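Here the structure comes first, spelled out in structure tokens, and everything after it is commentary.
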2 protein chains.
Amino acid sequence: MLSIGTLAKKTGTKVQTIRYYEQIGLLPEPGRTEGGQRRYGDAELDRLSFVRHARQLGFSLDSIRELLDLSERPDKPCAEADAIARRQLRQVEQRLARLEALRMELERMVHECSGGQTSDCRVLDVLRDHSECLTEHEEIGA
Amino acid sequence: MLSIGTLAKKTGTKVQTIRYYEQIGLLPEPGRTEGGQRRYGDAELDRLSFVRHARQLGFSLDSIRELLDLSERPDKPCAEADAIARRQLRQVEQRLARLEALRMELERMVHECSGGQTSDCRVLDVLRDHSECLTEHEEIGA
DNA sequence: TTACATCCTCTAGCTGCTGTAGATTCAAGC
DNA sequence: GCTTGAATCTACAGCAGCTAGAGGATGTAA
């Protein structure tokens, strides 16, 4: 039986994060010692590893919830899990495209900067005037 | 003089977001009508456009605060603004690299999925077992 | 004047955690 | 058995960067 701290180390998770996952129902309530401390077995270790790995791949907690449900029904067709992964892939591809546009714009800003005074800083110019941009990059965020 | 709604439309910002920016000190408190409604002039329009554009390029609100300060001191050397932009560029490049690794992993998961039953779903397999991954992708998030 | 769109303040919520405070429990060494 | 110090407990607050809603006041056009 593992303490929460040991489980945390084994999965590369913070202790508080494990308690948070329990709180939102992503992990089941574990058994407790007489004194009230959580004790975990292998099933919980596997489940938390799954969650962490999916998080590293950028899945949202909601998607992970779905994937966990699916992984507990081995008889179901795989199409749903596949659809979730494809959705995630599409999101990642969109973010990549947006980020690439941002990268180009930032690189241009930085390269055009002559290193003079703020009054003719290209960085500030471009920020002031969107029409100087080559790309659209309308979306904010990651 | 513009109402907050008109300013919002012109800059592609939500009304609440403008009030939020004012609250955190990113925009100055504007003048008001007798009845207490906000009224904006061209200076505020420019400033908000600057903020929105920088947000679209992924700058944090803190970075934007710095950039705004700099843009109000035309005599200062441009190096600081340049440094902020370079920092942002580096962050974008790092995120791009991480995302590209994720994209490859997701693509592999999805392509290996045979469309059978959940019990032999490659998507779920890979999530269960990190050792199946080709890349490391240790970092979570954007 | 009368609608009704827009505005006001205030508060709470979102995602996915992270950090703190103050009290309790566990495990190892003596 | 006792002490000590690390680990754990609960509860709550906070982060970024907004977004949404309630409940009421204001502005404007017909």
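What you see is a predicted model, and the numbers here were worked out from it, not measured in a lab. Lettering of chains follows the sequences in order, A, B, ..., and the numbering in each one begins at 1.
The salt bridge (Lys or Arg N to Asp or Glu O under 4.0 Å) check on B:E44 picks up nothing, with sequence neighbours excluded.
OP1 or OP2 of C:dT9 lies within a sub-4.0 Å distance of a side-chain N or O belonging to B:R38. Remark: B:T33 is not in phosphate contact with D:dT26, judged by side-chain N or O atoms under 4.0 Å from OP1 or OP2. Phosphate contact (OP1/OP2 of C:dT18, side-chain N/O of A:T17, threshold under 4.0 Å): present. For C:dC17, one of the phosphate oxygens OP1 or OP2 lies less than 4.0 angstrom from a side-chain nitrogen or oxygen of A:Y21. Taking 4.0 angstrom as the limit, A:R19 places none of its side-chain polar atoms (N or O) nearer than this to OP1 or OP2 of D:dA7. The phosphate of D:dC18 (OP1 or OP2) has a side-chain N or O of B:R52 nearer than 4.0 angstrom.
Atom OH of A:Y20 and atom P of D:dG14 are 18 Å apart (whole Å). Going from atom CD of B:E29 over to atom P of C:dC8 covers 12 Å, rounded to whole Å. Rounded to an integer number of Å, the gap from B:I18 CD1 to D:dC18 P is 12 Å. Between the P atom of C:dG16 and the CD atom of A:E22 lies a distance of 18 Å, rounded to the nearest Å. A straight line from CZ of B:R32 to P of C:dC7 spans 12 Å, rounded to a whole angstrom. Across the protein-nucleic acid pair, B:Q23 atom CD and D:dC18 atom C1' stand 11 Å apart, rounded to whole Å. The nearest whole Å value for the distance from the CZ atom in B:F59 to the C1' atom in D:dG17 is 17 Å. Across the protein-nucleic acid pair, B:L26 atom CG and D:dG17 atom C1' stand 11 Å apart, rounded to whole Å.
Residues from residues 39-49 of chain B lying near DNA chain D, meaning a heavy-atom separation below 4.0 Å, are absent. For DNA chain D, the neighbouring residues in residues 3-15 of chain A, judged by any heavy atom under 4.0 Å, are A:S3, A:I4, A:G5.
Within 6.0 Å of CG on A:D42 lie no more than 12 heavy atoms contributed by other residues, nucleotides or ligands.
Rounded to the nearest 0.5 Å, atoms SG (A:C121) and CD (B:E80) are 10.5 Å apart. Here the CZ-CG distance, from A:F50 to A:L27, works out to 12.0 Å after rounding to the nearest 0.5 Å.
Between B:E22 and B:R38, at least one side-chain nitrogen of the basic residue sits less than 4.0 Å from a carboxylate oxygen of the acidic one, meeting the salt-bridge criterion. Taking a cutoff of 4.0 Å between a charged side-chain nitrogen and a carboxylate oxygen, B:E100 and B:R103 qualify as a salt bridge. Looking at B:E66 and B:R87, a side-chain N of the basic residue comes within less than 4.0 Å of a carboxylate O on the acidic one, giving a salt bridge.
Checked by atom type and distance alone, the side chain of A:H53 never pairs as donor or acceptor with a backbone atom of A:L48 at under 3.5 Å.
Interface remark: the A:Q16 side chain does form a donor-acceptor pair with the C:dG19 base, using a distance-only criterion of under 3.5 Å.
Using a 4.5 Å cut-off on side-chain heavy atoms (C-beta onward), B:L127 and A:V51 make no contact. Within the 4.5 Å cutoff, the side chain of B:L67 has heavy atoms near those of the B:F59 side chain.
Distances from the side chain of B:Q37 to the nucleotides C:dT9, C:dC7, C:dG16 place C:dC7 closest.
Checking B:L61 against B:G36, the closest nucleotide of DNA chain D that is more toward the 5' end is the one next to B:L61.
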